[in-house]
Each structure stands twice: as C-alpha cells, then as structure tokens.
Amino acid sequence: VQLQASGGGLVQVGGSLRLSCAASEGTFSSYHMGWFRQAPGSEREFVAAIRRSGGRTDYRPSVKGRFTISRDNAKNTVYLQMNSLKPEDTAVYYCAAAVARIDYSGYYYQPVAYDYWGQGTQVTVSS
C-alpha cells in the first residue's frame, strides 16, 4: 500500500494543524495506523496510533490532550489533529501502516512494527 501524507506547514505557537494520510488501496481498514515524527538529529518517535476499527487510540504523553488521531475507513484516510502546538512539536511527521495483529498496544509504539510508510510532511512551530 502507498501512503500519502499532507497538511504540514508553518504555524505559530498555540496554533493548529490537521495532517491527513491517504492510502492507495481498499484494504486500509485491515491496517493498524500510526503517526511518528522525526526532528533533525533525533530518532523517529511515536506520536499516536489507532486500531483498525478506530475503537482504540494511543498517544505519547507529551501530545495527549492536544493531538487527536482518527480514521475514516470509507475514505482510506487517517488524520492527526494537532492543537496547542509547541516549538518542540517541530518535526517531519510520518504516517505508517502495520499489518500485524498484536493486541499489546505498546508493540505499535515502535517504528519496526510498521510495514508501510508515507513520505513525511514538515510541521514547523514558530515562537
């Protein structure tokens, strides 16, 4: 499956952005979806994940309460609504799809759990 991320940009502190990630094929509902980010000189880190049905979501602590992950399986799209943005949120954001069916949520916090990746979209939060 091919993933196309969009929606990044330059925003001021406290602003909002909505990232989208569209999948190229109709089996989208069979994938566990995640968002990761990578700042210059840093490792790629988990941001949020959502189960196939959308019934469960997980977040890294620093974004919980500010970011919301959601998905529309009819549109083959996953979203990341980012509010109250901070300079430390500045990074390239990547969406990813996982084929595995592991119940343990922590498994999906790791980049290696994902089989397909989008190209990334830059988010810059200016102060």
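FYI, the numbering just counts along the sequence from 1.
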| query | What residue pairs, at least two apart or across chains, pass disulfide (SG to SG under 2.5 Å) with a residue in residues 17-75? | reply | Cys21-Cys95
| How would you list all residue pairs meeting ring pair (Phe, Tyr, Trp, His ring centres under 6.0 Å) that involve residues 57-92, not counting sequence neighbours? | none
| field | Qualifying residues under side-chain hydrogen bond (donor to acceptor under 3.5 Å, both in side chains), relative to Arg52, sequence neighbours excluded | value | none
| task | Please indicate whether Gln110 has more than 12 foreign heavy atoms, meaning atoms of other residues, nucleotides or ligands, lying under 6.0 Å from its CD. | result | yes
| said: Test side chain to side chain contact (heavy atoms under 4.5 Å, CB included) on Trp35 and Ile50; report intermediate values, then the result. | reply: CA-CA 9 Å; Trp35 285 97; Ile50 186 167; over 6 Å; no
| So among Asn73, Asp72, Ile69, which one has a side-chain contact (heavy atoms from CB on, under 4.5 Å) with Val78? | Ile69
| note | Apart from Tyr108 itself, its cluster of hydrophobic side chains linked below 4.5 Å comprises Phe36, Phe46, Val92, Tyr94, Ile102, Tyr104, Tyr107, Tyr109, Tyr114, Trp117
Per-pair distances, 0.1 Å, donor-acceptor, side chain in residues 80-88, under 3.5 Å, sequence neighbours excluded:
unit_1 : atom_1 : unit_2 : atom_2 : d
Gln81  : NE2    : Asn83  : OD1    : 2.9
Asn83  : OD1    : Ser16  : OG     : 2.9

| message | Test of understanding: with salt bridge (charged side-chain N to carboxylate O under 4.0 Å, His left out), list the residues that count as partners of Arg56, not counting sequence neighbours. | response | Asp58
| With sequence neighbours excluded, residues passing side-chain hydrogen bond (donor to acceptor under 3.5 Å, both in side chains) with Gln122 | Thr124
| Residue pair Gly8 / Thr121: nearest heavy atoms and the distance that separates them | N-OG1, 3.1 Å
| task | Give every residue pair that meets the salt bridge (charged side-chain N to carboxylate O under 4.0 Å, His left out) criterion with at least one member in residues 101-115, sequence neighbours excluded. | result | none
| Any disulfide (SG to SG under 2.5 Å) pairs touching residues 34-69, not counting sequence neighbours? | none
| query | Mind checking what makes side-chain hydrogen bond (donor to acceptor under 3.5 Å, both in side chains) contact with Gln119, not counting sequence neighbours? | reply | none
| message | Ignoring hydrogens, what is the shortest heavy-atom contact between Ala49 and His32? Give both atom names and the distance. | response | CB-NE2, 3.6 Å
| remark: d(Thr77 OG1, Phe28 CZ) to nearest 0.5 Å is 6.5 Å
| task | Check the pair Val1, Asn76 against side chain to side chain contact (heavy atoms under 4.5 Å, CB included), reporting the backbone distance first and the verdict last. | result | CA-CA 11 Å; Val1 60; Asn76 290 355; over 6 Å; no
| message | Once salt bridge (charged side-chain N to carboxylate O under 4.0 Å, His left out) is applied, do any residues pair with Arg60, and if so which ones, sequence neighbours excluded? | response | Glu45
| message | My understanding is that only residues two or more places apart in sequence, or in another chain, count here; which of them pass side-chain hydrogen bond (donor to acceptor under 3.5 Å, both in side chains) with Asp89? | response | Arg37, Arg66
